[in-house]
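Here is the structure we will look at, set down as structure tokens.
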Amino acid sequence: MFEYPRHPAHLQDLKAELHGELICPNDRGYEATRKVWNGMIDTYPALIARCADAVDVVKSVQFGRVYHLPVAVRGGGHSLSGSSVCDGGIVIDLSCMKGVCIDPEKRTARVQAGLTLGEFVRATQAYGLATTTGTVGGTGLAGLTLGGGLGWFMGKHGLTIDNLLSVDLVTADGQVLRASASEHRDLFWGVRGGGGNFGIVTAFEFQLHPVGAVLAGKVVYPMERAREVLRFYREYTSTAADELTAYACLSTTPGGLPAIAINLCYCGSLEEGERAVSPLRKFGTPLVNLIRPKSYLNMLMQADRGAPAGRSYYEKAHTLSGLSDEAIEALVEYGRACTSPLSQVLIQHVHGAASRVGPRETAFALRQESYVMSIVAAWDNGEASQTDRHIGWTRACWRAMEPLASPGVYVNFLGDEGQGRVRAAYGINYERLVAIKNRYDPTNCFSLNQNIAPTNKEVDPCLKQREYQRFCEAFAPLSNQIS
Ligand SMILES: Cc1cc2nc3c(=O)[nH]c(=O)nc-3n(C[C@H](O)[C@H](O)[C@H](O)COP(=O)(O)OP(=O)(O)OC[C@H]3O[C@@H](n4cnc5c(N)ncnc54)[C@H](O)[C@@H]3O)c2cc1C
């Protein structure tokens with residue numbers, strides 16, 4: 001552990017000192033850099049620090065603190081809530097930090113926090129290795145990992161956090177710490193599910209596993225068969241081997257047909273995989289069956305096409321302990337009533353190794369076998385007048401499912417839904433997370449996230465307001481001039 005000198009840097013100093021780039025509103029790259037994956041998010045930060053290394057992160061945090069700026073932290077910029085950018089504050093952007101170091105003997109990867117899942121998997125698969133990640137290549141590794149990380153290998157290898165060995169993290173007071181099972185253990189417990197609440201992670205170390213070709217893809221049926229397909233899915237997943245993770249998805253085919261798909265990945269031997277998918281192959285006549293051996297990397301890259309940057313997205317989620325007939329009826333009703341051909345209801349089966357970790361072992365409390373349901377409305381930005389209709393469909397579906405849902409919700413699928421939902425996400429772990437927040441970020445410097453509010457706030461809110469005012473008066477005009 002070491003400390004960098006603390007001094008209030010002026011804007012030009014910060015610009016000169018960063019190894020990366022400081023982007024101000026008049027700079028050429030500002031427009032492109034302020035945007036994130038979700039086209040609904042339209043914020044105007046005062047400064048964007050495109051960090052090249054941990055030292056840049058420390059300097060940016062210190063600058064933000066001195067002037068009490070809102071501090072947003074950007075990994076892949078893929079959160080639906082857009083919490084990685086902000087109006088008027090400083091965005092600490094890690095997306096240029098893409099270093100990777102693989103140890104093929106130990107089967108570990110030490111990586112910087114700016115990688116996307118696709119970049120991470122490309123690097124590890126070069127050695128025939130991988131670990132659990134999310135399903136879409138463009139998603140940021142950092143935000144996904146800090147929230148938990150559901151993915152195709154969770155039955156076999158657990159969540160992404162279950163494969164995390166250590167993190168390097170910059171705290172609110174500018175310290176650089178390593179947290180692992182043997183160093184800063186409380187912090188290591190907290191970052192495994194507690195999001196970006198305790199500091200900015202600049203590097204992650206993961207355990208990897210041998211992963212060759214997987215048997216994967218989807219089988220698509222017309223929406224008229226949604227009820228029987230969901231019942232089949234319930235039976236099929238209830239006996240699934242750890243190697244088999246299957247999702248159900250109500251959506252619309254590229255040809256415009258409302259449909260339901262079972263999308264799966266088997267990560268054991270291809271022969272055993274064939275046996276595991278044969279009940280699905282025999283289940284009725286699908287519109288299309290795309291299950292075949294493929295590379296894990298290809299799976300992720302293909303999934304990117306279904307989730308392009310720049311569209312408008314709105315999401316709400318639930319956790320279901322089971323798929324009751326009542327739940328299936330509601331899903332079918334809202335699948336049919338979907339207002340946009342780009343929208344979907346996705347059901348992810350959390351099972352196997354992910355559900356064998358105790359709910360108190362990491363900050364991620366939702367360890368029982370379950371179905372994580374996310375209702376994602378998507379529409380083209382040209383359709384702004386339709387926004388209320390698409391959001392209305394999401395909310396109506398969410399409300400219909402609410403009486404059937406468990407109290408917990410996956411934090412990475414939460415929008416701006418208030419403290420009650422954040423508490424619900426952490427459940428029995430919330431109080432312990434508050435204690436860690438009080439220790440590492442007592443002034444809530446890192447508040448633009450699913451926030452675990454500290455209970456021993458050290459900063460006088462009037463002082464905070466005055467300092468922020470000072471920044472706006474002194475530096476905001478300047479930030480428009482310096483380039
Ligand atoms: C198309 C799509 C597919 C998805 N699929 C999956 C999936 O299969 N499984 C799954 O589990 N989730 C999935 N998600 C959800 C995803 O895990 C979250 O949106 C996650 O926050 C994305 O991380 P990011 O780094 O891209 O996000 P960002 O928007 O950059 O950040 C999200 C949050 O994390 C914080 N943060 C980011 N990096 C750091 C850091 N280095 N240190 C501290 N805080 C940080 C940010 O401040 C912000 O609050 C998906 C999301 C999308 C949009």
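Counting starts at 1 for both ligands and their atoms, following the listed order. Computation of the quantities below employed the complete heavy-atom set of this structure, encompassing side-chain atoms and omitting hydrogens, waters and symmetry-equivalent molecules.
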How far is [atom] from its nearest protein heavy atom, and which residue and atom name does that atom have?
atom	result
atom 47 (O) of ligand 1	V73 O, 2.7 Å
atom 31 (O) of ligand 1	S84 CB, 3.9 Å
atom 42 (N) of ligand 1	V201 N, 3.0 Å
atom 37 (C) of ligand 1	G75 N, 3.6 Å
atom 9 (N) of ligand 1	L150 O, 2.7 Å
atom 24 (P) of ligand 1	G76 N, 3.5 Å
atom 48 (C) of ligand 1	S83 OG, 3.2 Å
atom 29 (O) of ligand 1	S79 OG, 2.7 Å

Proximal ligand 1 atoms for [X], defined as those under 4.0 Å from one of its heavy atoms:
X	value
L146	39 (C), 40 (C), 42 (N), 43 (C), 44 (N), 45 (C)
L94	40 (C), 41 (N)
A142	38 (N), 39 (C), 41 (N)
W37	1 (C), 53 (C)
G134	7 (C), 8 (O), 9 (N)
G196	43 (C), 44 (N)
F413	12 (N), 13 (C), 14 (N), 15 (C)
G199	42 (N), 43 (C)

Does even one non-hydrogen atom of [X] get within less than 4.0 Å of ligand 1?
X	answer
G195	no
Y313	no
G148	no

Testing N412, T139, N38 one by one against H78 for a side chain to side chain donor-acceptor pair (under 3.5 Å), which residue passes?
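Looking at N412, T139, N38, the match for H78 under the side chain to side chain donor-acceptor pair (under 3.5 Å) is T139.
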Pick from Q386, R389, H390: which one makes a side chain to side chain donor-acceptor pair (under 3.5 Å) with T339?
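Passing option: H390.
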Under 4.0 Å from ligand 1, counting heavy atoms only, is it the side chain of [X], its backbone, both or neither?
X	answer
Y410	side chain
L448	backbone
N449	both
T160	neither

Classify the ring geometry between [X] and [Y] as parallel (under 30°), tilted (30 to 60°) or perpendicular (over 60°).
X	Y	answer
H318	W398	parallel
H349	H351	parallel
F206	F204	parallel

Got [X] and [Y] here, is their nearest side-chain heavy-atom distance under 4.5 Å?
X	Y	result
L164	F188	yes
I347	L331	yes
I90	S60	yes
I48	Y30	yes
V91	T43	no

For Y247 together with W152, are the ring centres under 6.0 Å from each other?
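Ring centroids of W152 and Y247 are less than 6.0 Å from each other.
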I want to confirm something. Looking only at heavy atoms, which of M154, Q348, H78 is nearest to atom 27 (O) of ligand 1?
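Checking each option, the heavy atom nearest atom 27 (O) of ligand 1 is found in H78.
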For Y44, is the NZ or CZ atom of R34 found under 6.0 angstrom from the centre of its six-membered ring and inside 45 degrees of the ring axis?
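Pair R34/Y44 counts as cation-pi.
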Using the salt bridge (Lys or Arg N to Asp or Glu O under 4.0 Å) definition, which of the options R367, R356, K156 pairs with D162?
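Testing D162 for a salt bridge (Lys or Arg N to Asp or Glu O under 4.0 Å) against R367, R356, K156 leaves exactly one candidate, R367.
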